[in-house]
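First the proteins, then the strands, lettered A, B, ... as listed; each starts at 1.
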Amino acid sequence: MNDLELKLKGKVPGPDTGIEVRKSVCAICDPGTQCGLDLYVKDGVIIKVAGTKEAPHSHGTLCSKGAATRQYVYSPERVLTPLRRTGTRGSGQFEPISWDEALDEIAARLAEAKERFGPESVMFFSGYAKWARAYLMRFALDFGSPNYLTESSTCATAMIMAQQLTYGAPAAPDFKNTSCVVYWSHNPSATKSLNLVGIQKKLDEGVKVIVVDPRVTDLAQRADVFLQLRPGTDGALALAFGHVIVEEGLYDKDFVEKWTVGFNDYRALVAAMTPEKAAEICGVSAADIRAAARLYSTSKPACIHFSAAPVVHHTNGVQNYRAVFCLIGLTGNLDIAGGNRMNPPSLVHQPGGFPTREREFTGANRLVDMPERIGSARFPVWARLCNEAQACDIPRQIKTGDPYPLKALFALGLNHRMWPGSQSFIEQLCELDFIVDADPFLTDSAKYADIVLPSATSVERREIRCWPMGYVQFTQPAIEPVGEARSDVDILAALSAKLGLGDDLLEAGIEACVEWMLEPSGLTVAELNKHPEGMWVPGAKPPAERKYLAAGFRTPSGKVEFASGVLAEYDLCGYEALPEYREPAMSPVSRPDLAAEFPLVLNLGARLPMYQHTRTFRLPWTRSLSPDPHADINPSDAERSGVEDGSWIRVSTPAGSVLVRAHITGIVREGDVHLYHDWPQANANDLIDGDYLDPISGFPGYRSSLCRIEPADDQQEGAHHE
Amino acid sequence: MNNKALCFDSEKCVGCYACAVACMDQNDIDVVHDGLAYRHVTHIEIGGGSEVRVVHVSMACMHCETAECLDACPSGALKRDAASGAVIVRRELCIGCHACAMACPFGVPRFGHDGTMQKCDACYARTRFGCDPACVEICPTGALRFCDANEAAAQKQARFAASLAKAR
């Protein structure tokens with residue numbers, strides 16, 4: 001081969017090969033990473049991807065999902081034109097129609113529902129990607145519906161609520177400046193693997209590490225103290241931390257005195273939770289609890305690395321995480337360098353070191369004059385702390401029409417398998433008169449829509465993202481849209497015009513909207529357009545320390561609340577103001593009757609590095625790495641059940657059963673089964689009921705219920721489901 | 001020949017598979033029809049009970065200095081790239097006899113739907129022009145590197161020495 005042929009084989013960019021590197025962001029997982037994406041484009045087609053070296057958050061690397069971008073963008077399952085359903089719901093039978101026809105029909109049907117049943121009868125839902133949420137919320141409120149909902153009805157919001165209830169707003173771990181970090185449920189080998197770059201560096205520097213996780217993760221193997229707890233017992237463990245810290249006088253007395261309320265009650269609460277008692281509840285050693293509590297409270301500063309969903313995917317989730325977050329106040333590690341720091345978001349839930357008008361753009365203040373949102377009566381604490389409706393209450397309201405009927409759904413990215421009791425969720429959606437889903441792929445959920453719209457992926461559209469170190473990027477499309485795909489924001493703008501909503505700003509398109517939102521930051525679209533690879537924000541500042549000295553905390557008392565003033569108001573609903581520990585609603589302790597038949601603890605939350613919910617199942621590259629659904633089972637449980645490694649087994653709960661392969665591994669506790677979720681043929685989320693929810697947040701108890709396992713009677717039975 | 005080689009450090013590998021997929025992307029691998037890949041990640045569980053740990057290994061062709069596959073190949077399909085030292089296969093010359101697979105102690109040679117052998121070529125067409133191999137370029141932890149093998153060994157030794165010092 002001559003040099004040019006070799007370069008073409010190696011996909012080396014340059015004028016001679018005609019391969020150009022264009023910059024974008026990966027939005028397969030979302031948000032908080034958004035790795036910089038280098039797209040090697042030749043003749044308008046992506047031929048290779050790599051990480052963007054100059055991206056300060058991702059350092060030129062990608063994970064296995066982002067590395068498969070090419071199969072994501074060019075998947076044969078992409079929706080190429082708007083589609084109108086011709087068969088029954090779920091049949092997947094559609095006819096292609098033009099954009100004009102689709103938008104006319106959607107506008108007419110939504111207007112009809114509004115006319116007949118009121119604007120609140122129409123739901124506006126966002127799944128993944130999350131980038132267009134502010135636009136969708138604005139659109140929903142323009143339309144007159146308070147029912148803007150997202151997949152965050154089961155992700156992250158409850159974790160944020162636990163922090164709001166405790167100290168007013170989320171406080172992120174300041175990992176860079178810390179001397180001790182508690183990973184209270186975080187597995188960067190599978191999720192956000194880009195964090196590994198920084199973690200590796202800190203580990204080499206000798207930072208102290210405590211890991212709390214039901215499984216022996218890679219991080220756990222490198223921890224100074226590892227607490228392998230029974231799923232759903234985080235609250236008991238955190239209270240025992242509090243017990244040791246208070247009993248041994250290791251708390252920050254000055255901070256507790258000046259900046260907290262309810263300490264005496266909290267002291268009494270933790271006095272009762274001795275490490276020995278917690279050891280019994282959680283299944284860890286009392287000595288390890290003492291060691292961890294001492295290490296966290298005596299290392300200065302120390303931070304707690306929390307995660308979006310694992311700890312709040314229990315029926316006792318919010319209170320469990322509240323018990324954890326109380327430790328940050330107890331030790332005075334709140335809003336200081338190296339501790340947990342408050343840093344308000346700039347755009348798309350992420351801080352970027354600059355102020356914006358994103359919240360004003362959504363028009364959230366218009367909610368006060370609107371009918372109550374879905375889930376408000378059932379989950380009043382949610383409704384008080386969060387601007388969204390609680391989507392876990394959709395099936396109930398469709399069924400009962402209480403407090404008003406729901407008739408239509410407009411969705412950007414719908415995945416029914418992310419809901420508890422997924423099958424009954426989609427069956428309830430079928431009761432609606434009209435469903436629209438905009439998605440890059442013809443997903444199983446999209447097959448239930450009346451109209452499917454083709455959405456562009458991140459590399460085909462413009463979007464703005466920012467990162468906590470003060471970096472911002474307003475991407476340019478790297479390629480022409482696949483088929484007739486359009487950006488979600490373009491879809492909303494066009495539909496707004498068709499509906500005559502009179503929103504000139506939204507209808508002017510994304511650049512005008514971004515310019516409007518960025519106004520307080522001093523950034524301009526013209527400047528951002530000069531840097532499609534992203535740029536450092538001029539004058540971006542890390543958040544000030546101890547902002548509470550001037551402003552207090554955004555809680556009813558203005559202080560850190562061991563006893564929550566908000567929860568106290570809902571005492572009649574049975575919520576305690578203090579973060580008391582309650583067993584998960586289905587555990588061997590709370591339901592010994594059920595445990596007799598279903599003796600194992602079932603956790604539906606484990607993640608694999610190549611999958612992000614359902615998004616990369618359809619890509620042959622990622623799918624080849626783990627082709628079958630499986631469950632992680634401890635060797636002792638496998639032996640007891642007569643289950644062999646790699647064989648097909650049936651995992652059953654009172655709600656249903658699935659067939660998966662057994663993966664026998666010592667990384668899970670004896671007595672626990674960890675099931676990987678979202679598989680079309682073995683949907684883990686059908687193993688709990690739709691009303692198995694935390695009463696405070698409405699979050700499903702995905703990560704602690706009860707099950708049994710048995711070898712699948714017929715090997716063919718398993719194979720049939722492949 | 002330069003001294004740079006693909007170096008793997010299992011202590012830094014977390015088994016994220018980014019290398020495996022980056023390799024598929026670089027080499028346009030058709031996993032559906034060929035059912036193969038050039039780079040594989042294996043998870044080895046060691047110990048039991050509270051001492052359990054998992055070691056991850058990312059493996060592809062070793063590009064051995066004394067490559068048994070080269071000697072075994074009867075058709076001249078396998079050759080060593082002079083510039084990089086990589087062992088490469090010219091599929092147009094491969095007769096699909098599997099002699100290389102029998103000779104290779106690491107289980108590297110795989111055969112696609114056309115019957116010819118396929119494997120990692122250490123991205124010699126990239127390293128020739130100063131670009132890293134795709135697997136190295138993407139690795140988030142630095143477990144995979146394209147560097148002087150002796151230098152990599154020296155760094156590993158220094159790290160081990162430091163851990164000994166800490167243990168004291």
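Ring geometry for H663(A) versus H630(A): interplanar angle over 60°, hence perpendicular rather than tilted (30 to 60°).
With a 4.5 Å cut-off on non-hydrogen atoms, F226(A) does not touch chain B at all. Contact of H40(B) with chain A is not made at all, since no heavy-atom distance falls under 4.5 Å. If you measure heavy-atom distances from E45(B) to chain A, the contacts under 4.5 Å come from the side chain alone. For a residue to count as touching a neighbouring chain, one of its non-hydrogen atoms must lie under 4.5 Å from one of that chain's; by this rule S636(A) does not touch chain B. Only the backbone of I47(A) comes within less than 4.5 Å of a heavy atom of chain B; no side-chain atom from C-beta onward does. Looking at K53(A), only its side chain comes within 4.5 Å of chain B, counting heavy atoms on both sides. For Y17(B), the parts lying near chain A are the backbone and the side chain together; criterion is any non-hydrogen pair under 4.5 Å. Heavy-atom distances place no part of N195(A) under 4.5 Å from chain B, backbone and side chain included. Using a 4.5 Å cut-off between heavy atoms, D28(B) touches chain A through backbone and side chain atoms alike. If you measure heavy-atom distances from C16(B) to chain A, the contacts under 4.5 Å come from both the backbone and the side chain. Using a 4.5 Å cut-off between heavy atoms, C19(B) makes no contact with chain A at all. At a 4.5 Å heavy-atom cutoff, the contact between V49(A) and chain B is made by backbone and side-chain atoms alike.
Side-chain contact check for R145(B) and Q155(B): at least one donor-acceptor pair (N or O, by modelled atom type) lies under 3.5 Å.
For the options R126(B), R53(B), R159(B), R128(B), heavy-atom pairs under 4.5 Å to chain A are most numerous at R126(B).
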Next item on the list: Could you walk me through whether D30(B) and H113(B) pass side-chain hydrogen bond (donor to acceptor under 3.5 Å, both in side chains), step by step?
Entry: CA-CA 10 Å; D30(B) 182 351; H113(B) 70 294; 5.6 Å; no
Checklist line | Test log, rule side-chain hydrogen bond (donor to acceptor under 3.5 Å, both in side chains), inputs Y676(A) and D632(A) | finding: CA-CA 8 Å; Y676(A) 295 87; D632(A) 288 344; 2.6 Å; yes
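Between K48(A) and E137(B) a salt bridge is recorded (basic side-chain N to carboxylate O distance below 4.0 Å). Under the 4.0 Å criterion applied to side-chain N and carboxylate O atoms, R640(A) and D637(A) are assigned as salt-bridge partners. Salt-bridge annotation for K201(A) and E205(A): present, with a side-chain N of the basic residue lying under 4.0 Å from a carboxylate O of the acidic one.
Side-chain atoms of H613(A) and R607(A), non-hydrogen and from C-beta on, do get closer than 4.5 Å to each other.
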